Peer 1: 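Pasting a structure here, questions to come.
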There are 2 protein chains.
Amino acid sequence: MRYGKDHKEETHKRVVDAAARRFRKDGIESTGVVDLMADAGLTHGGFYAHFSSKEMLVKEALVAASMKSRAHLQGQIDEARAEGRDPLEAIVRSYLTITHRDRPDRGCSVAALGSEIARHPRKTREAFTEGLEKTMGIIASALPEAVPNRTERAYAIFSTLIGALQLARAISDSTMSQAVIDAGVTAALQIGRCTST
Amino acid sequence: MRYGKDHKEETHKRVVDAAARRFRKDGIESTGVVDLMADAGLTHGGFYAHFSSKEMLVKEALVAASMKSRAHLQGQIDEARAEGRDPLEAIVRSYLTITHRDRPDRGCSVAALGSEIARHPRKTREAFTEGLEKTMGIIASALPEAVPNRTERAYAIFSTLIGALQLARAISDSTMSQAVIDAGVTAALQIGRCTST
DNA sequence: TGTACATCAGTGAACGCGCGTTCACTGATGTAC
DNA sequence: TGTACATCAGTGAACGCGCGTTCACTGATGTAC
């Protein structure tokens with residue numbers, strides 16, 4: 001079948017988006033090329049017309065997920081600012097929720113894949129790092145202007161957020177899981193607000 | 001070959017310890033039963049005389065790694081107390097180091113496997129949770145007595161530590177990686193020390 | 001004390017299966033005449 | 001306007017390989033006589 005001139009590009013995007021979802025849900029290694037293509041409504045044979053290897057799709061999926069996350073983050077910040085609410089509190093409270101804990105496929109790819117990304121090839125980690133740097137800039141921009149070391153605080157806040165979400169997901173006891181989430185909120189706000197140091 | 005009466009138990013322990021190391025280095029899913037047994041100097045056929053499934057070994061390896069971590073943690077605290085240093089600072093600073101970042105096989109299994117553990121069966125996560133609770137108790141005991149909500153703070157501190165170490169491992173740029181580690185130290189200490197809230 | 005046998009930790013071939021990747025093919029459409 | 005052909009996104013069988021798991025077997029030692 002011959003298709004319109006944007007058709008292939010659209011299919012490509014569809015595979016990347018489906019992969020971003022699947023990877024976050026089941027992990028990168030657990031998800032095969034067959035599953036990935038099936039999720040996009042295709043058969044596996046066409047995969048290598050779009051990506052030179054599974055690793056290249058991993059890279060693209062991480063970049064796509066990162067971009068989407070930043071857009072969401074920026075949206076939360078803008079909305080909070082428009083309504084006179086604290087933008088830091090807005091992003092922290094919307095990140096550490098039960099919904100986010102229970103729907104990794106729709107959420108943050110760093111929380112979902114953090115320990116796995118560290119074991120991927122340098123090129124993949126470079127793409128990840130690039131996205132992460134931008135995300136840190138956005139978090140830093142949500143901090144009160146009076147606060148020093150905004151980038152470093154953004155690093156620490158994000159560390160707390162992904163760590164807490166991962167623990168909350170791994171913990172089998174729901175009370176403890178909830179407590180970890182609550183503790184994460186308190187601590188992240190504290191890191192972002194404390195004017196000393 | 002017939003062996004002494006403790007022989008099998010010793011072999012079992014050897015496999016569990018080797019697995020704990022390998023899992024942290026390469027991930028649980030990436031490591032096959034053949035590799036695991038080879039690391040312990042055995043062939044794969046005997047595996048099921050020791051474990052009813054790979055998942056059972058995962059559970060045992062997580063429990064073993066958790067126990068070892070707690071012993072190390074307690075050692076750091078005792079040493080710091082004996083020398084009149086702050087025990088919280090001792091554990092935070094010994095956790096967030098370049099060495100720990102670069103040697104996941106010898107380090108914290110939560111940082112190395114966090115996002116993977118969340119996808120394992122309930123029984124495995126229950127064993128993990130049990131160990132984690134004890135670890136949180138030890139971290140809480142390192143906090144100044146004047147501080148309220150010690151358990152919640154321990155949760156947040158540990159979240160920050162594992163999140164920062166994971167990011168530091170995933171980031172390809174060494175300057176940024178170092179900055180994340182430093183930011184994690186500052187934040188973890190701040191969470192543990194701030195007497196308000 | 002010497003021989004026959006039971007034990008059982010560890011061996012290695014084999015099982016079905018899914019992995020990432022390759023490739024000859026299909027067939028609807030756009031283009032050339 | 002109608003026909004012949006080139007294009008190329010997507011198909012599905014096949015590749016070698018490693019996975020988790022099973023099982024008949026080995027052979028050094030402890031026990032029974």
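Nothing here was measured: the structure is a model prediction, and the numbers come from that model. Chain A is the first sequence line, chain B the second, and so forth, proteins listed ahead of strands; every chain is numbered from 1.
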Peer 1: Give none if dT29(D) has no partner; otherwise give the nucleotide forming a Watson-Crick or G-U wobble pair with it, both distances under 3.5 Å.
Peer 2: dA6(C)

Peer 1: Counting heavy atoms from C-beta on, name the nucleotide in dT21(D), dG20(C), dA9(D) closest to the side chain of Ser53(B).
Peer 2: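 Of the candidates, dT21(D) comes closest.
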
Peer 1: State, without any angle test, whether Ser172(B) and Thr129(A) hold a side-chain donor-acceptor pair at a distance under 3.5 Å.
Peer 2: yes

Peer 1: What about Phe128(A) and His120(A), are their ring centers closer than 6.0 Å?
Peer 2: no

Peer 1: Could you let me know what dT22(C) is paired to, Watson-Crick or G-U wobble, both distances under 3.5 Å, or none if it's on its own?
Peer 2: dA13(D)

Peer 1: For the side chain of Leu42(B), starting at C-beta, report the closest nucleotide among dA9(C), dT11(C), dA9(D).
Peer 2: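 Selected nucleotide (nearest to the side chain): dT11(C).
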
Peer 1: Find the distance Glu9(A):CD to dA9(D):P and express it as a whole number of Å.
Peer 2: 12 Å

Peer 1: OP1 or OP2 of dA9(C) sitting under 4.0 Å from any side-chain N/O of His12(B)?
Peer 2: no

Peer 1: In whole Å, I'd like the distance from the NE2 atom of His50(A) to the C1' atom of dT21(C).
Peer 2: 16 Å

Peer 1: Asp35(A) has a side chain; which of dC19(C), dG12(D), dT21(C) sits nearest to it?
Peer 2: dC19(C)

Peer 1: Just checking Gly32(B): base, sugar-phosphate only, or nothing, at a heavy-atom cut-off of under 4.0 Å?
Peer 2: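 The answer is sugar-phosphate, as Gly32(B) gets under 4.0 Å only of primed atoms, P, OP1 or OP2.
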
Peer 1: Does the side chain of Asp86(B) reach to within under 4.5 Å of the side chain of Arg193(B), using non-hydrogen atoms?
Peer 2: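 With C-beta onward as the side chain, the pair touches.
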
Peer 1: Go ahead and name the base partner of dT1(D); Watson-Crick or wobble counts if both distances stay under 3.5 Å, otherwise write none.
Peer 2: none

Peer 1: Are there more than 12 heavy atoms of other residues, nucleotides or ligands under 6.0 Å from atom NE2 of His72(B)?
Peer 2: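 Open.
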
Peer 1: Could you work out which one of dT11(D), dT21(C), dT21(D) sits closest to the side chain of Lys54(A)?
Peer 2: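 Taking heavy atoms from C-beta onward, the closest nucleotide is dT21(C).
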
Peer 1: Distance check needed: dT22(D) C1' versus Phe51(B) CZ, whole Å only.
Peer 2: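 The distance from CZ of Phe51(B) to C1' of dT22(D) comes to 17 Å, rounded to the nearest Å.
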
Peer 1: When we call it a touch if two heavy atoms are under 4.0 Å apart, what does His44(A) touch: a base, just sugar-phosphate, or nothing?
Peer 2: base

Peer 1: With a 4.0 Å limit, can you tell me whether Thr11(A) has a side-chain N or O closer than that to the phosphate oxygens OP1/OP2 of dG10(D)?
Peer 2: yes

Peer 1: Taking atom P of dG18(C) as reference, at what distance in whole Å does atom CZ of Phe47(A) sit?
Peer 2: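 That distance rounds to 19 Å.
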
Peer 1: For a quick check of understanding: with a heavy-atom distance under 4.0 Å over all strands, which category does Ser30(A) fall into, base, sugar-phosphate or nothing?
Peer 2: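 No contact.
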
Peer 1: OP1 or OP2 of dT22(C) less than 4.0 angstrom from a side-chain nitrogen or oxygen of Tyr48(A), does that happen here?
Peer 2: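 No, outside the criterion.
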
Peer 1: Considering only dA9(D), dT21(C), dT21(D), which nucleotide approaches the side chain of His7(A) most closely?
Peer 2: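 Of the options given, the side chain of His7(A) lies nearest dA9(D).
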
Peer 1: Does the side chain of Leu96(B) come within less than 4.5 Å of His100(B)'s, by heavy atoms?
Peer 2: no

Peer 1: How close or far is atom C1' of dC19(D) from atom CG of Leu57(B), stated in whole angstroms?
Peer 2: 15 Å

Peer 1: Which part of the nucleic acid, if any, lies within contact of Ser52(A), taking any heavy atom under 4.0 Å across all strands shown: a base, the sugar-phosphate backbone alone, or nothing?
Peer 2: nothing

Peer 1: To the nearest angstrom, how far is Leu36(B) atom CG from dG18(D) atom C1'?
Peer 2: 14 Å

Peer 1: Whole angstrom is fine here: how far is it from CD1 in Ile28(A) over to C1' in dC19(C)?
Peer 2: 16 Å

Peer 1: What is the separation between atom CE on Met37(A) and atom P on dT21(C), rounded to the nearest whole Å?
Peer 2: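 About 13 Å, once rounded to whole Å.
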
Peer 1: Applying side-chain hydrogen bond (donor to acceptor under 3.5 Å, both in side chains) between Arg22(A) and each of Asp105(A), Thr31(A), Asp39(A), Asp17(A), report the one that passes.
Peer 2: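 Single pass found, and it is Asp39(A).
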
